[in-house]
*Asks:* 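Supplied in structure tokens, the structure appears directly below.
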Amino acid sequence: MFGRKAMGRASPVLLFFLALLFSIATYNVLTVIRHNRAIKNLAGDNINGVLVSDPIIEMPESVKKPKNVKSPFHVALTATDAPYSKWQCRIMYYWYKQKKDLPGSEMGGFTRILHSGSPDNLMEEIPTMVVDPLPAGLDRGYVVLNRPWAFVQWLEKATIEEEYILMAEPDHIFVRPLPNLAHERFPAAFPFFYIKPEQNEKIVRKFYPEEHGPVTNIDPIGNSPVIIRKDLLGKIAPTWMNVSLKMKQDPETDKVFGWVLEMYAYAVASALHGVQHILRKDFMLQPPWDLETEKKFIIHYTYGCDYNLKGELTYGKIGEWRFDKRSHLRGPPPRNLSLPPPGVPESVVTLVKMVNEATANIPNWDTS
């Protein structure tokens with residue numbers, strides 16, 4: 001009874017302060033909820049509570065360039081004179097020409113950076129600059145190690161009119177016109193699920209010491225596709241080359257990173273220069289894992305596509321129907337490849353149709 005009487009006689013002043021505290025707490029909770037929602041909206045996709053794009057890097061609408069202002073970028077890809085590289089470059093260049101002048105495109109000029117050291121038979125077909133390969137033996141059989149060295153030479157020698165550069169690869173196909181996804185000092189890049197600096201911190205710290213900051217400063221990217229300001233790439237490229245060589249010379253790093261070593265090297269080099277990237281999942285798709293081309297810009301056909309006649313994926317086992325670029329190491333694929341069976345994802349069907357259209361229209365296709 002005493003307790004109930006005491007509670008019933010609570011002073012108006014006490015009740016006022018309790019109400020005030022409750023209102024402040026409610027305001028703070030709502031502020032946190034709204035803030036988290038704002039970050040998620042800014043960052044883009046959210047998968048299992050993990051933000052796909054970094055909210056610090058993703059550009060808010062208020063600072064993006066006006067829609068009527070164009071920022072052309074130069075398309076640059078590194079290549080060798082091997083038949084395997086040549087036929088992919090020809091298809092890539094064909095689709096660049098088809099998409100370059102369409103609405104929404106900000107593609108500028110095009111250069112194939114040929115790091116074989118001497119001209120080949122595609123010089124008149126594709127705009128090309130010849131640069132030197134690394135000294136014999138330095139790449140240790142890892143030909144991709146020539147990529148950063150090729151970009152260093154090209155940036156030093158070439159006259160590039162555009163302020164921005166797209167670093168592309170021969171096995172890229174433009175599925176729709178590509179705008180400039182970068183913004184000033186923030187390049188745009190595609191996030192690769194297998195580039196995991198945090199999970200490889202012990203190795204990464206050999207090349208990115210603690211005084212440079214947390215490993216989370218290193219983006220989960222490679223050098224391609226990346227749209228980047230020319231002056232930024234000019235600073236990053238020599239570091240990218242040096243880090244690549246140091247990683248290859250370190251047995252532990254070479255073993256763990258394997259064929260993606262040069263990708264890690266670009267990510268580390270960018271972080272060493274304090275450059276972070278806008279992560280764009282819509283930059284690229286990779287069949288057969290990505291099923292649709294809608295709202296994506298580039299098809300990357302690095303993976304083999306194997307299916308049975310029911311349209312079921314048989315990855316890791318040669319399918320009754322297949323498309324794999326590695327089936328054509330010594331020469332180009334034939335014209336008019338058979339289309340996939342019913343049930344195969346749209347991304348794979350579109351890839352084969354685009355290859356077929358290119359090969360049907362490229363003169364002297366069998367000579368590449």
Side-chain angles (χ1 to χ4, degrees), residues 44-48 50 52-53 77 84 87-96 98-99 102 104-105 166 168-179 181 188-196 220-222 224-226 259-260 263 279-329 332-362 365:
D45 295 339
N46 183 309
I47 300 175
N48 296 327
V50 178
V52 173
S53 299
L77 73 157
Y84 177 65
W87 68 257
Q88 293 176 57
C89 288
R90 298 183 82 189
I91 292 175
M92 198 272 193
Y93 184 58
Y94 172 86
W95 282 109
Y96 156 81
Q98 301 306 305
K99 306 296 183 182
L102 294 181
S105 168
L166 164 66
E169 296 183 11
D171 60 353
H172 286 177
I173 291 178
F174 294 106
V175 72
R176 56 181 33 86
L178 180 61
L181 304 176
F190 177 80
F192 290 91
F193 71 90
Y194 49 79
I195 302 297
K196 301 176 178 179
I221 61 172
S224 178
V226 167
W259 65 275
V260 297
M263 297 173 70
L279 305 181
R280 295 289 299 248
K281 288 184 67 182
D282 60 345
F283 209 153
M284 188 169 76
L285 69 142
Q286 302 185 97
W289 310 117
D290 296 310
L291 307 182
E292 297 179 351
T293 61
E294 185 180 6
K295 297 182 180 179
K296 303 292 178 64
F297 296 105
I298 294 172
I299 294 178
H300 183 210
Y301 56 98
T302 189
Y303 296 106
C305 301
D306 289 276
Y307 293 87
N308 60 28
L309 296 182
K310 297 178 181 179
E312 299 167 335
L313 182 67
T314 62
Y315 194 78
K317 177 183 176 182
I318 295 177
E320 296 173 277
W321 180 93
R322 78 182 322 227
F323 175 77
D324 188 339
K325 66 177 186 176
R326 294 167 190 83
S327 300
H328 309 284
L329 295 174
R335 285 173 164 156
N336 197 27
L337 296 169
S338 63
L339 293 178
V344 171
E346 177 268 334
S347 62
V348 179
V349 176
T350 298
L351 167 60
V352 177
K353 285 182 176 179
M354 294 186 80
V355 169
N356 280 344
E357 179 179 331
T359 61
N361 288 283
I362 296 174
W365 173 246

*Asks:* How long is the span from the CG atom in Leu279 to the CG atom in Leu181, to the nearest 0.5 Å?
*Replies:* 12.0 Å
*Asks:* Can you give me every donor-acceptor pair (side chain of residues 317-326, partner residue at least two apart or in another chain, under 3.5 Å) with its distance?
*Replies:*
| unit_1 | atom_1 | unit_2 | atom_2 | d |
| --- | --- | --- | --- | --- |
| Glu320 | OE1 | Leu309 | N | 3.1 |
| Trp321 | NE1 | Ser338 | O | 3.0 |
| Trp321 | NE1 | Ser338 | OG | 3.3 |
| Trp321 | NE1 | Leu339 | O | 3.4 |
| Arg322 | NE | Asp306 | OD1 | 2.7 |
| Arg322 | NH1 | Ser327 | OG | 3.3 |
| Arg322 | NH2 | Asp306 | OD1 | 3.4 |
| Arg322 | NH2 | Asp306 | OD2 | 3.3 |
| Asp324 | OD1 | Arg326 | N | 2.9 |
| Asp324 | OD1 | Arg326 | NH1 | 3.4 |
| Lys325 | NZ | Asp171 | OD2 | 2.6 |
| Arg326 | NH1 | Thr302 | O | 2.7 |
| Arg326 | NH2 | Thr302 | O | 2.9 |

*Asks:* Taking the side chain as everything from C-beta on, heavy atoms only, tell me whether Met354 gets closer than 4.5 Å to Tyr301.
*Replies:* no
*Asks:* For a quick test of reading the model, state the closest non-hydrogen atom pair linking Gly104 to Pro177 and the distance between them.
*Replies:* C-CB, 4.1 Å
*Asks:* When you measure from the side chain of Ser347 to the backbone N and O of Asp290, does any donor-acceptor pair fall under 3.5 Å?
*Replies:*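 At least one qualifying donor-acceptor pair exists.
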*Asks:* Just to verify, what does Tyr194 make a side-chain contact (heavy atoms from CB on, under 4.5 Å) with, not counting sequence neighbours?
*Replies:*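 Checked Tyr194 against side-chain contact (heavy atoms from CB on, under 4.5 Å); matches are Phe192, Trp259, Val260, Met263, Tyr303.
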*Asks:* Could you walk me through whether Tyr96 and Leu178 pass the side chain to side chain contact (heavy atoms under 4.5 Å, CB included) check?
*Replies:* CA-CA 10 Å; Tyr96 156 81; Leu178 180 61; over 6 Å; no
*Asks:* Evaluate Leu313 against Trp289 for side chain to side chain contact (heavy atoms under 4.5 Å, CB included), listing each step before the verdict.
*Replies:* CA-CA 10 Å; Leu313 182 67; Trp289 310 117; 3.7 Å; yes
*Asks:* To the nearest 0.5 Å, tell me how far His172 NE2 sits from Ser224 OG.
*Replies:*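 It comes to 4.0 Å.
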*Asks:* Under a 4.5 Å cut-off applied to non-hydrogen side-chain atoms, are Ile195 and Ile221 in contact?
*Replies:* no
*Asks:* At what distance, to the nearest 0.5 angstrom, does CG of Leu351 lie from NE2 of His300?
*Replies:* 11.0 Å
*Asks:* Which residues satisfy the side-chain hydrogen bond (donor to acceptor under 3.5 Å, both in side chains) test with Glu292, sequence neighbours excluded?
*Replies:* none
*Asks:* Rounded to the nearest 0.5 Å, what separates atom CE in Met92 from atom CD1 in Ile299?
*Replies:* 12.5 Å
*Asks:* Nearest 0.5 angstrom please: Gln286 CD to Lys296 NZ, how far?
*Replies:* 9.5 Å
*Asks:* Taking the side chain as every heavy atom from C-beta outward, state whether Ile298 and Phe190 have any atom pair closer than 4.5 Å.
*Replies:*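 Answer no - side chains too far apart.
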*Asks:* Nearest 0.5 Å, please: how far is CE in Met284 from OG1 in Thr293?
*Replies:* 14.5 Å
*Asks:* Just so I know, are the side chains of Tyr307 and Pro288 near enough to count as touching, which here means a heavy-atom distance under 4.5 Å?
*Replies:*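 SC-SC contact between Tyr307 and Pro288 confirmed.
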*Asks:* Does the side chain of Pro333 come within less than 4.5 Å of His328's, by heavy atoms?
*Replies:* yes
*Asks:* Considering residues, nucleotides and ligands other than Glu357, do more than 12 of their heavy atoms fall under 6.0 Å from its CD?
*Replies:* yes
*Asks:* Looking at Val344 and Gly311, what are the two nearest heavy atoms and their distance?
*Replies:*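 That closest heavy-atom pairing would be CG2-CA, 3.9 Å.
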*Asks:* Any idea which heavy atoms bring Arg335 and Thr359 closest together, and the distance?
*Replies:* NE-O, 2.6 Å
*Asks:* Within a strict 4.5 Å, meaning less than it, do heavy atoms of the Pro191 and Phe283 side chains meet?
*Replies:* no
